[in-house]
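Worth saying up front: this structure is predicted, and the values here are computed from it rather than measured. Heads up: numbering here begins at 1 and tracks the sequence.
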Amino acid sequence: MPAACDSLLEDIEDIVSAQDVKPHDRQFARKNVVPKVRKRNSQKNVQADDDPPSDSIIPGAQKIWIRTWGCSHNNSDGEYMAGQLASYGYKITENAAEADLWLLNSCTVKSPAEDHFRNSIKKAQEDDKKVVLAGCVPQAQPRQDYLKGLSIIGVQQIDRVVEVVEETIKGHSVRLLGQKKDNGKRLGGARLDLPKIRKNPLIEIISINTGCLNACTYCKTKHARGDLASYPTEELVDRAKQSFQEGVCEIWLTSEDTGAYGRDIGTDLPTLLWKLVEVIPEGAMLRLGMTNPPYILEHLEEMAKILNHPRVYAFLHIPVQSASDSILMEMKREYCVADFKRVVDFLKEKVPGITIATDIICGFPGETDEDFQDTMKLVEEYRFPSLFINQFYPRPGTPAAKMHQVPALVKKQRTKDLSQLFHSYNPYDHKVGERQRVLVTEDSFDCQFYVAHNQFYEQVLVPKDPEFMGKMVEVDIYEAGKHFMKGRPLSDANVFTPSITRPLAKGEVSGITEVSKRHLLLYYTSKTAAHSQHHSPPSDLSGQSPRGSPSTPTRLSGWVLSN
């Protein structure tokens, strides 16, 4: 990337030569100037008097488009980055074409997701957009050819996104990929009290830990997120409290493996959940994230009690991946099929009606027809209402990529066969005629209905009555599809409001504490001194915060910075 100047200057006085007009001469010359009246051409766009010169680059004045792929953990990271950038003064836009910079937050789980990410980078470069890359792809493999020369922010460094964007806007290439540590111990990631813009103001996504304890042979995410690092329980509870004070009515707990929470800090998932349940307002709901079988086996009794709680969805995502013990061993999943069945059977008995979601990989290296048929039988037996079917893709750098691969056509056929089996049954037909209480949180994909969820986190579509949004509504189920039910609100039903305050508006920044505001103000003051003539801070800290990051460490510390 070309430098801003052809040569370096030791001092600003170096730009003055003997031939230049002296200040005294300039002052004397002013007496001979005859002002002339110029008629403005109203047909042309005239730059406003307070706008900076056209060649000025003032970070914080640009529009940014953020695209996130992948899991809810990644989505939470994207929300935090959007919040910090908006607090600094950048405008977050949903229009990619009008944006000055694209922040692309990637997922490395499957090859198609990375392909979309790579194509978006190419598109940004073709459209002459500045680009900052985030997420698991550049964190896991920052030296890939198509990432060369581009700014990257690591998954544990999202609290410094303002700095990376700021330098990228100036034309620099910045890479910030280090891990956060405290006295040598790896931390869970960026602080939980950072500014955030929730994609849905009614739903708060809280990452309870990052990384995991496993070493699955197919997993690329481990390369990016690393080993388990949990957030302290009190910080998570405080974040939940703050979310409810901002009108949130539903919390999602997320991580690479929620079941492993606390093993690195001397606690466990049930302990955290009981603390969270104490602060959930009546009518608001908590949804648990994915947990692998090994880490829930020892907590089955407590987990069943928690999942029966009226303010916790009776829903759990437990990936099985394969019903063949030999394949699970090759995957290094650290459980057998009997362990998975024990978890599911116990929860189905103790938590009547519970929704169990699971994942399956089709065509893992070495999978035989018999192995695959075992998986088909498992799905036939349990008829999972929510099933994530994934064709195996070898991810670069993983042990599974070096194993003997199942032919592509075989993988594709097995994926098709499993999909046909999944679509052969309707899990909700028997619920037609039931009366259910549902929490309404979002628009349907086609914008024809509102989307609500019942106690078992099953999707229920309700009429688009603005009064329902963010509320608990009692409905009669009159129709069922493969992935949803339709509910008719009772004519005399009470609409229950679980939020203890008005939800934030869409795009409004959340999570700005009084301490954060002071940090932002101090940071803003130091950063804007050089160009205060062009950009003044907002006067009202109660709304959007001044430009800055509440946890900005020493400037340029740990950076790779180049022109």
Please check: side-chain N/O of [X] versus main-chain N/O of [Y], any donor-acceptor pairing under 3.5 Å?
{"X": "S444", "Y": "F449", "value": "yes"}
{"X": "S76", "Y": "I205", "value": "yes"}
{"X": "N214", "Y": "C216", "value": "no"}
{"X": "S151", "Y": "V132", "value": "no"}
{"X": "N454", "Y": "V438", "value": "no"}
{"X": "Q139", "Y": "Q156", "value": "no"}
{"X": "T291", "Y": "T258", "value": "no"}
{"X": "D443", "Y": "C447", "value": "no"}
{"X": "K486", "Y": "P463", "value": "no"}
{"X": "K196", "Y": "A82", "value": "no"}

Side chains of [X] and [Y] in contact at under 4.5 Å (non-hydrogen atoms):
{"X": "T398", "Y": "T217", "result": "no"}
{"X": "K148", "Y": "D145", "result": "yes"}
{"X": "Q321", "Y": "N292", "result": "no"}
{"X": "L213", "Y": "D257", "result": "no"}
{"X": "F117", "Y": "P138", "result": "yes"}
{"X": "D100", "Y": "K130", "result": "no"}
{"X": "Q141", "Y": "P396", "result": "yes"}
{"X": "L202", "Y": "E442", "result": "no"}

Once you round to the nearest 0.5 Å, how far does [atom1] of [X] lie from [atom2] of [Y]?
{"X": "L103", "Y": "I92", "atom1": "CG", "atom2": "CD1", "result": "8.0 Å"}
{"X": "N119", "Y": "L104", "atom1": "CG", "atom2": "CG", "result": "11.0 Å"}
{"X": "E98", "Y": "E94", "atom1": "CD", "atom2": "CD", "result": "10.0 Å"}
{"X": "Y218", "Y": "F392", "atom1": "OH", "atom2": "CZ", "result": "10.0 Å"}
{"X": "Q157", "Y": "M81", "atom1": "CD", "atom2": "CE", "result": "12.0 Å"}
{"X": "Y80", "Y": "S207", "atom1": "OH", "atom2": "OG", "result": "8.5 Å"}

Do [X] and [Y] have side-chain N/O donor and acceptor atoms under 3.5 Å apart?
{"X": "N209", "Y": "S255", "answer": "yes"}
{"X": "K110", "Y": "N390", "answer": "yes"}
{"X": "Q125", "Y": "Y146", "answer": "no"}
{"X": "E256", "Y": "H73", "answer": "yes"}
{"X": "E250", "Y": "T441", "answer": "no"}
{"X": "T93", "Y": "N95", "answer": "no"}
{"X": "S230", "Y": "D264", "answer": "yes"}

For [X] and [Y], work out which heavy atoms get closest and say how close.
{"X": "S106", "Y": "V137", "result": "OG-N, 3.1 Å"}
{"X": "T415", "Y": "C362", "result": "OG1-CB, 3.5 Å"}
{"X": "A224", "Y": "V155", "result": "O-CG2, 3.7 Å"}
{"X": "D159", "Y": "L194", "result": "CB-CD1, 3.6 Å"}
{"X": "K129", "Y": "A97", "result": "NZ-O, 2.6 Å"}
{"X": "I280", "Y": "F244", "result": "CA-CE1, 3.8 Å"}

May I ask you to say whether [X] pairs ionically with [Y], meaning some side-chain N is under 4.0 Å from a carboxylate O?
{"X": "D193", "Y": "R191", "result": "yes"}
{"X": "R225", "Y": "D77", "result": "yes"}
{"X": "E114", "Y": "K220", "result": "no"}
{"X": "E79", "Y": "R198", "result": "no"}
{"X": "K170", "Y": "E167", "result": "yes"}

Evaluate whether atom [atom1] of [X] has more than 12 neighbouring non-hydrogen atoms of other residues, nucleotides or ligands under 6.0 angstrom away.
{"X": "K123", "atom1": "NZ", "result": "no"}
{"X": "H223", "atom1": "NE2", "result": "yes"}
{"X": "K416", "atom1": "NZ", "result": "no"}

> Under the side-chain contact (heavy atoms from CB on, under 4.5 Å) criterion, do I208 and T254 qualify, and how do the steps go?
Replying inline: CA-CA 6 Å; I208 63 175; T254 185; over 6 Å; no

> Does the side-chain contact (heavy atoms from CB on, under 4.5 Å) test come out yes or no for W102 and D127, once each step is laid out?
Replying inline: CA-CA 11 Å; W102 288 9; D127 293 350; 4.3 Å; yes

>> Pair V462, V440 - check side-chain contact (heavy atoms from CB on, under 4.5 Å), show working.
In response: CA-CA 8 Å; V462 300; V440 184; 4.1 Å; yes

Just say parallel, tilted or perpendicular for the rings of [X] and [Y], cut-offs at 30° and 60°.
{"X": "F388", "Y": "H317", "answer": "tilted"}
{"X": "Y313", "Y": "H453", "answer": "perpendicular"}
{"X": "Y457", "Y": "F315", "answer": "tilted"}

>> Quick one, V165 with I153, criterion side-chain contact (heavy atoms from CB on, under 4.5 Å). Give me CA distance, side-chain angles, the key distance, then yes/no.
In response: CA-CA 9 Å; V165 166; I153 185 163; over 6 Å; no

